Colleague: 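Attaching a single structure in structure tokens format; questions to follow.
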Amino acid sequence: MYDAPKTAESTVSQNEIKFDCRDCQVWYGDTHAIKDVNIQIEDNTVTSFIGPSGCGKSTFLRCLNRMNDTIDVARVEGQFLLDGEDIYDRKVDPVQLRAKVGMVFQKPNPFPKSIYDNVAYGPKIHGMAKNKAELDEIVERALRRGAIWDEVKDRLDQPGTGLSGGQQQRLCIARAVATEPEVLLMDEPCSALDPIATALVEELIDELRTRYSVVIVTHSMQQAARVSQKTAFFHLGNLVEFGDTGEIFTNPNDPRTESYITGRIG
Amino acid sequence: MTDASIDTAPAAGGKGSLLGSDARTKKRNAAEKRFRLYGMAAIAIGLFFLLVLFVSIIRSGAPAFTRTVVDVEFTLTQAEFEAAESELFKTKAYSNLFIQKLKSQLDAAGVEAEFDESAIERLLGKVGSTLREFYRANPEQLGQPVDFELAASSRVDGYFKGRVSRDTLQDSRFLQVSDLDLVDRLEEAGVIRQAFNWPFITGADSGVDNPGGAGIGASVVGSFFMMLVVLALSLPIGVAASIYLEEFAPKNRWTDLIEVNISNLAAVPSIVFGILGLAVFIQFMHLPQSAPLVGGLVLTLMTLPTIIISTRASLRAVPPSIRDAALGVGASKMQAVFHHVLPLAMPGILTGTIIGLAQALGETAPLLLIGMVGFVARGYPDGFIAGFTEPNSAMPAQIYTWATRADAGFYEKAWGGIIILLAFLLTMNIIAIILRRRFERRW
Ligand SMILES: Nc1ncnc2c1ncn2[C@@H]1O[C@H](COP(=O)(O)OP(=O)(O)OP(=O)(O)O)[C@@H](O)[C@H]1O
Ligand SMILES: [Mg+2]
């Protein structure tokens with residue numbers, strides 16, 4: 001085992017800790033997918049998770065809003081403190097947690113409903129709008145932030161599943177931000193997007209940072225360098241290195257981080 | 001299939017021209033062509049059997065939808081009515097009046113025929129009492145011309161449909177050869193004719209000696225009330241059980257056991273459910289015998305596994321990413337299921353339900369065991385509640401009962417009943433298709 005997270009503690013941080021994860025383990029049946037991960041995710045910060053395919057980035061991200069609860073074989077251990085409260089406590093209702101910690105999934109998964117209903121669903125079930133006009137406003141704002149408003153404003157009543165892959169992904173981003181979560185988890189949100197839409201989403205991420213904590217999984221080193229303040233490098237279920245993005249990309253501590261960033265493992 | 005192993009070899013002839021196909025491509029194309037031919041042949045065979053089935057059903061069943069009637073326009077004055085009522089043999093007086101009338105009608109048409117009262121009785125049954133009952137019930141019709149449409153006896157009907165001929169009648173006391181001559185005369189005069197057999201569709205079962213009067217209406221009503229029970233019980237119970245098992249229940253040994261049992265129940269022969277219904281619902285719970293309520297309960301037991309299996313399959317077919325999406329925006333499990341998963345599974349659930357109902361509608365054996373045999377359907381239930389509790393039969397049981405009766409007239413009725421049953425099944429399938437379309441269009 002490696003003592004990876006040393007770097008995080010050595011950084012001087014002016015932001016509050018949003019997520020404090022200690023000794024986290026995840027098993028899928030007998031597969032040990034996350035091993036002894038310790039990480040502190042700050043508020044008002046963009047944290048990016050990088051690492052080769054299958055290293056456990058999505059798995060760890062899903063622990064943060066207890067989406068792994070839905071997988072029968074998954075077993076999660078360790079402490080995940082959100083604002084000091086353990087989210088795996090018996091008293092915590094995962095439904096309430098997920099309203100606070102929103103998620104954009106790796107594969108775009110719009111509801112087979114109209115574009116409008118896709119975005120309006122979250123606000124509706126959380127009672128965020130008192131009337132139709134308010135709901136319209138929330139939907140429009142969310143779609144604008146998802147950088148998709150101009151493309152869909154004339155066909156809000158058409159099915160969300162009829163959009164292109166990249167448009168669907170942005171619709172899912174809009175759906176996730178519509179409920180105003182405190183933490184937004186994004187699993188490769190730009191993997192299906194063209195450079196223009198990517199730039200718009202990155203702009204959104206940067207804007208979200210002023211109010212929320214954002215965690216983004218990405219396979220693009222450039223993107224991680226562009227949008228994030230903190231970077232965590234995962235390898236085979238271990239958190240190898242975690243620290244300031246600039247530090248990780250210019251002066252990594254671990255040889256594995258260096259070879260991944262420079263393209264030698266992956 | 002056989003080509004698969006060859007395909008894994010590195011592509012041969014990669015440098016060849018695209019305009020001509022190489023040997024392997026030719027082989028694959030030939031295999032595909034053969035497979036298409038097999039498929040088309042299979043479909044053709046299926047269609048052929050379907051066609052044979054339909055033609056034979058319609059040919060055998062169509063005569064059930066026509067009947068032979070005698071049209072007589074009859075006017076009874078007040079004086080004639082009082083005279084007839086004051087006689088000792090009242091119905092005889094009426095039938096004499098009827099014979100006079102019929103004779104004059106034949107004369108008017110220029111047809112000569114000799115017949116007596118007993119011949120009329122063999123042809124048309126007890127005409128006198130029919131007339132008497134009509135005028136006693138409707139005295140205001142006295143003095144006015146009334147059109148009587150009198151049903152001919154089933155042997156006369158059989159004569160028209162080729163079931164009865166002069167040779168087969170040699171020594172029948174029900175109908176004599178001379179009567180057939182009379183029938184020919186009547187036909188010449190246009191008095192006797194074939195009419196659409198409404199009483200078959202609206203009527204109830206008759207006695208074994210009266211195939212002409214048998215109708216399927218009462219057992220249609222019995223089937224209808226039974227289906228109400230089945231639908232009202234099996235749809236909510238089946239869907240609730242499936243949603244619980246599929247979405248909420250932990251996956252452990254107990255739920256596995258339940259799953260295996262449900263699959264096994266679906267394969268249990270229906271007669272077992274029948275005897276179970278007899279023991280539990282009638283002998284133990286003392287529910288009324290032969291009642292559509294009990295029939296519905298038994299068929300519910302039979303339909304539930306079908307509905308549960310198809311509902312679970314269609315719930316499972318909804319991609320998990322939809323559930324993730326709903327949970328991800330903070331919906332509860334229940335909201336995720338009812339807002340997103342269930343609407344997507346709806347077409348499958350409806351199809352399964354209607355297939356289950358159609359199966360139940362065509363089920364005979366369990367109904368015979370709980371006493372819903374055909375001859376019970378002697379009339380319509382009076383009122384909605386009585387529809388559930390009064391003894392009645394159901395379409396397939398009625399058909400079975402007719403098929404077991406000796407008289408050839410009933411055989412024809414059985415085929416006619418099958419046509420009606422198939423019409424109901426077809427309607428149900430069309431409803432299923434319409435509902436599917438309606439639900440599918442929404443997404
Ligand atoms: N539902 C599951 N059941 C069993 N094993 C799983 C499941 N999901 C993931 N795993 C395993 O856990 C490990 C980590 O998977 P994870 O999806 O977290 O990888 P990832 O880092 O997100 O990869 P990628 O970059 O390709 O998305 C993999 O070895 C994978 O096989
Ligand atoms: Mg992933």
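In what follows, chains are A, B, ... by sequence order, proteins preceding strands, each numbered from 1. No experiment lies behind these values; they were computed from the predicted model shown.
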Colleague: Charged N to carboxylate O under 4.0 angstrom, B:Glu247 versus B:Lys333?
Modeller: no
Colleague: Would you mind checking which part of A:Pro181 comes under 4.5 Å of any heavy atom in chain B, side chain (CB onward), backbone (N, CA, C, O), both or neither?
Modeller: neither
Colleague: Anything under 3.5 Å between a donor and an acceptor, one on a side chain of residues 203-212 of chain A, the other on a protein residue two or more places apart or in another chain? List them.
Modeller:
{"residue": "A:Thr210", "atom": "OG1", "partner": "A:Glu207", "partner atom": "O", "Å": "2.6"}
{"residue": "A:Tyr212", "atom": "OH", "partner": "A:Glu180", "partner atom": "OE1", "Å": "2.5"}

Colleague: Give every donor-acceptor pair under 3.5 Å between a side-chain atom in residues 38-45 of chain B and any protein atom, sequence neighbours left out.
Modeller:
none

Colleague: Cut-off 3.5 Å, side chains only: do A:Ser114 and A:Asp157 have a donor facing an acceptor?
Modeller: no
Colleague: Just checking heavy atoms, which of residues 123-148 of chain A are less than 4.5 Å from chain B?
Modeller: A:Ile125, A:His126
Colleague: Based on non-hydrogen pairs under 4.5 Å, which of B:Gly328, B:Ala325, B:Ser321 is most in contact with chain A?
Modeller: B:Ala325
Colleague: Would you tell me whether B:Asn252 and B:Thr255 have side-chain atoms, one donor and one acceptor, within less than 3.5 Å of each other?
Modeller: yes
Colleague: Hey, is B:Arg28 close enough to B:Glu32 for a salt bridge, meaning N to O under 4.0 Å?
Modeller: no
Colleague: Which atom pairs, donor and acceptor, lie under 3.5 Å between side-chain atoms of residues 334-354 of chain B and protein residues at least two apart or in another chain?
Modeller:
{"residue": "B:Gln335", "atom": "OE1", "partner": "B:Ser332", "partner atom": "N", "Å": "3.0"}
{"residue": "B:His339", "atom": "ND1", "partner": "A:Tyr121", "partner atom": "OH", "Å": "2.6"}
{"residue": "B:Thr351", "atom": "OG1", "partner": "B:Pro347", "partner atom": "O", "Å": "2.7"}
{"residue": "B:Thr351", "atom": "OG1", "partner": "B:Arg436", "partner atom": "NH1", "Å": "2.6"}
{"residue": "B:Thr353", "atom": "OG1", "partner": "B:Ile349", "partner atom": "O", "Å": "2.8"}

Colleague: Non-hydrogen atoms of chain B under 4.5 Å away: do they reach the side chain of A:Arg66, the backbone, both or neither?
Modeller: neither
